[in-house]
2 protein chains.
Amino acid sequence: MTLQGIAEQLGLHVSTVSRVLNGRQDGHTRAASGDTARRIRNLADELGYRPNPLATGLRTRRSNLIGVLVPRLSEIVMATIYEGAEEAAASHGLSAFVTNTHDDPALQRERITMVLARRVDGLVIGDAHLDGAALDLPGLRTTPFVLVNRRTSAGHTSVTCDDRLGGRLVAEHLLALGHTSVGVIAGEPFASTGADRTEGFVERYREAGLPLPASRVVHSAFDTAGGRHAAHNLLAMQEDRPTALFAVNDFAAIGAAGAARDLGLRLGRDVALAGFNDTPLVAELPVPLTSVHSPMAEQGRRAVNLLLRRIAGEEIRSEILTPHLMARESTGGPVGAPLL
Amino acid sequence: MTLQGIAEQLGLHVSTVSRVLNGRQDGHTRAASGDTARRIRNLADELGYRPNPLATGLRTRRSNLIGVLVPRLSEIVMATIYEGAEEAAASHGLSAFVTNTHDDPALQRERITMVLARRVDGLVIGDAHLDGAALDLPGLRTTPFVLVNRRTSAGHTSVTCDDRLGGRLVAEHLLALGHTSVGVIAGEPFASTGADRTEGFVERYREAGLPLPASRVVHSAFDTAGGRHAAHNLLAMQEDRPTALFAVNDFAAIGAAGAARDLGLRLGRDVALAGFNDTPLVAELPVPLTSVHSPMAEQGRRAVNLLLRRIAGEEIRSEILTPHLMARESTGGPVGAPLL
DNA sequence: ACGTTTGGCCCAAACGTTTGGGTGCTGCAT
DNA sequence: ATGCAGCACCCAAACGTTTGGGCCAAACGT
């Protein structure tokens with residue numbers, strides 16, 4: 001059913017119907033008499049009329065669509081952020097569509113172009129690289145966007161967790177437990193998350209007079225395989241093996257736990273381990289994992305809200321959310337025997 | 001840049017440009033001379049022309065959009081299925097947009113209505129309930145859809161894993177290991193996945209002359225908390241405590257592992273545990289989890305392909321993919337001591 | 001009684017495509 | 001010469017909205 005249809009059935013002009021249906025329910029519009037307005041509204045929802053977004057979008061130059069880019073949605077962190085984003089978008093009558101870029105700059109450009117071709121009103125970018133690659137596309141100069149989860153060194157507007165602080169919290173915790181020889185599974189160098197968490201951690205240890213040798217910070221993929229691999233390297237050291245590891249995300253930490261097991265090391269006793277993000281499942285692991293809780297869905301919501309304000313023409317500023325340490329047995333918490 | 005723009009710059013009519021740009025690159029179109037066609041194409045990609053999908057959609061009544069409904073994207077199973085779906089959609093020039101329904105029928109209806117209002121060409125539904133609730137919306141009679149992961153008892157077209165077989169495989173495995181007293185963490189009763197896996201499992205045990213008492217099959221949420229809770233119930237039995245548990249999905253299994261640990265039971269020695277889906281991380285757990293591998297991304301791809309054929313007017317039939325058992329230590333695999 | 005407001009509606013253009021149907025021209029066979 | 005077939009285009013309507021600008025009658029002020 002179209003506006004036309006409704007107008008004809010009521011013997012009115014389509015523009016009248018349009019105005020009535022767009023005016024706010026309550027306020028007295030100048031579009032039509034109260035009676036006419038009522039008749040229009042009744043017929044409209046009797047017929048289950050929904051404006052055709054293609055027509056509306058064509059006319060108004062607003063698609064009410066936002067595009068969301070993520071490295072991969074099957075990473076729970078990104079999926080959760082997206083849940084928040086979609087919720088916020090839906091509550092404003094927008095639809096969101098997501099696409100996976102696998103952290104490949106060529107694919108990022110391609111997807112951004114595709115998303116822009118769809119005439120989105122804005123985009124939320126969750127796969128930014130520190131160097132801002134792919135963010136230089138000409139289309140991005142005219143369509144607003146907000147980064148989420150990861151920032152760039154160029155300082156594009158973003159909503160992130162205070163990753164540096166998160167890293168410091170872990171360092172603080174491990175220092176308090178007496179760990180002087182530690183290692184970091186640092187994630188991919190192009191992601192600000194890993195880089196900042198590592199930096200905060202290393203910085204705190206440096207402040208404590210225990211600077212980490214370069215060999216103690218190893219990059220890795222963000223998945224379990226990457227964590228396992230990196231942990232193998234770190235734990236295989238014969239002399240002065242680290243007594244604690246900090247993995248910059250939970251999945252790498254789970255991989256690291258696997259590596260520790262392979263080497264016959266008991267988590268929380270022979271070696272301490274901390275992750276990041278406090279993914280729901282880590283508390284349930286056989287040895288519950290110490291992790292840094294970061295408000296992920298909230299990041300998604302805020303990114304969308306920020307984007308919407310930007311679309312509305314407001315000036316906007318980056319937002320940084322505060323993380324919290326969740327100490328558990330993997331670092332020798334309540335149940336385990338004291339570490340060291 | 002619009003078609004109009006290009007046409008003007010070249011002194012041609014917009015329709016000519018349209019025909020050239022829509023005709024296939026190679027074939028000789030009747031729209032324009034080879035020379036004109038070349039000029040049009042050159043200018044078009046020099047200007048980076050992209051057709052406005054709102055205008056195209058309005059005219060052709062095809063949005064090139066498909067909607068995807070999932071319970072929640074932060075469940076890795078659904079996220080992976082969506083990855084496959086998005087990949088397939090993108091390769092056909094379509095965009096997909098996902099929305100979370102949290103398995104709440106009211107929200108399902110609302111979202112389906114919203115998605116239909118967007119004039120999608122079709123939808124992939126990953127959150128179907130066995131009873132087909134929410135699938136009776138009038139709009140779904142005119143817009144094609146395909147179910148994925150879960151089927152309905154009404155037999156809507158779907159792409160699923162052979163869940164019943166998967167359940168049987170686990171039963172077979174546990175029987176071979178000598179387990180006569182087992183329990184099932186059965187998931188939500190409204191999801192065919194859990195129901196079918198449970199049924200296959202129970203059926204195989206019945207065939208083996210070991211019918212499960214009703215108390216040995218407990219429903220649960222699909223997350224870790226649900227699994228933990230259900231496992232507590234099953235393992236708390238004083239006499240004739242089950243020696244093996246089958247959780248119908250990996251996350252419930254992880255929760256169950258947590259419960260076992262709380263009760264001082266060692267996985268793969270005191271109690272065997274199997275999950276379902278072979279989520280990437282379960283192989284990395286401290287005690288690697290036996291699970292049933294199901295091709296998730298493939299399900300997503302197939303669902304989209306099926307949908308596209310349906311949109312093109314073909315008759316389509318449900319597809320069922322075959323699962324495989326991945327035996328690991330949690331059921332007393334290679335490394336653990338023999339169970340029982 | 002006469003101008004002015006304002007309420008209630010209609011008109012028509014525009015957004016950017018696609019597509020069925022022209023039209024005029026060239027070249028060829030009759 | 002005449003008919004006819006292509007070719008290379010153009011024309012215009014349509015898809016379903018929104019929106020600036022009318023227009024007419026009733027109400028109002030003086």
Side-chain angles (χ1 to χ4, degrees), chain A residues 1-24 27-41 43-44 47-65 93 116-121 139 142-143, chain B residues 1-24 27-41 43-44 47-65 93 116-121 139 142-143:
Chain A
M1 228 347 84
T2 72
L3 273 193
Q4 277 291 2
I6 297 186
E8 266 162 35
Q9 284 191 44
L10 260 38
L12 291 168
H13 192 267
V14 51
S15 64
T16 307
V17 180
S18 170
R19 276 185 243 261
V20 166
L21 260 23
N22 286 354
R24 287 161 302 91
H28 188 64
T29 68
R30 286 88 191 278
S33 67
D35 184 55
T36 308
R38 221 165 301 118
R39 281 166 56 223
I40 293 177
R41 274 195 272 269
L43 185 57
L47 297 177
Y49 167 76
R50 307 269 150 192
N52 184 327
L54 283 69
T56 305
L58 183 57
R59 176 65 231 245
T60 60
R61 290 141 172 292
R62 282 206 56 187
S63 60
N64 286 321
L65 270 179
L116 291 174
R118 280 259 162 220
R119 305 303 201 265
V120 294
D121 293 337
T142 51
T143 305
Chain B
M1 228 346 85
T2 72
L3 273 192
Q4 278 290 2
I6 297 186
E8 266 162 34
Q9 285 192 44
L10 259 40
L12 290 169
H13 193 266
V14 50
S15 65
T16 307
V17 180
S18 170
R19 275 184 245 261
V20 166
L21 258 24
N22 285 354
R24 288 159 302 95
H28 188 63
T29 68
R30 287 88 191 277
S33 66
D35 183 54
T36 308
R38 219 164 303 117
R39 281 167 54 224
I40 292 177
R41 274 195 273 267
L43 184 57
L47 298 177
Y49 168 76
R50 306 269 150 193
N52 183 326
L54 282 69
T56 305
L58 182 58
R59 175 65 229 242
T60 61
R61 290 143 171 291
R62 281 207 56 188
S63 59
N64 287 321
L65 269 180
L116 290 174
R118 280 260 162 217
R119 303 306 200 262
V120 294
D121 293 337
T142 51
T143 306

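Quantities reported herein were computed from a predicted structural model and do not represent experimental measurements. We name chains A, B, ... by the order of the sequence lines, and we start the count at 1 in each one.
Checking C:dG8 for Watson-Crick or G-U wobble geometry (two distances, each under 3.5 Å) identifies D:dC23 as its partner. Within the shown strands, C:dA1 is the pairing partner of D:dT30 under the Watson-Crick or G-U definition, both distances less than 3.5 Å.
Counting non-hydrogen atoms of neighbouring residues, nucleotides and ligands closer than 6.0 angstrom, the CZ atom of B:Arg50 reaches no more than 12 such neighbours.
The base of C:dC11 sits within donor-acceptor range of the side chain of A:Ser15, with an N or O pair under 3.5 Å. Judged by atom type and distance alone, A:Arg19 does not reach the base of C:dG7 through any side-chain donor-acceptor pair under 3.5 Å. A donor N or O paired with an acceptor N or O is not found under 3.5 Å between the base of C:dG8 and the side-chain atoms of A:Arg39.
Nearest-nucleotide mapping onto DNA chain D: of B:Arg119 and B:Gly11, the residue sitting toward the 5' end is B:Gly11. Closest-nucleotide positions on DNA chain C for B:Ala55 and B:Thr16 were compared, and the one nearer the 5' end corresponds to B:Ala55.
The phosphate of D:dC9 has OP1 or OP2 within less than 4.0 Å of a side-chain N or O from B:Thr36. Of the side-chain N and O atoms in B:Arg61, one or more sit less than 4.0 angstrom from OP1 or OP2 of D:dG16. For the OP1/OP2 pair of D:dT19 and a distance below 4.0 Å, the side-chain nitrogens and oxygens of A:Ser18 include no atom meeting the criterion.
In this structure, B:Leu3 and B:Leu21 have side chains that are in contact, with non-hydrogen atoms separated by less than 4.5 Å.
Separation of atoms CG (B:Leu12) and CZ (B:Arg19) is listed at 12.5 Å; rounding is to 0.5 Å.
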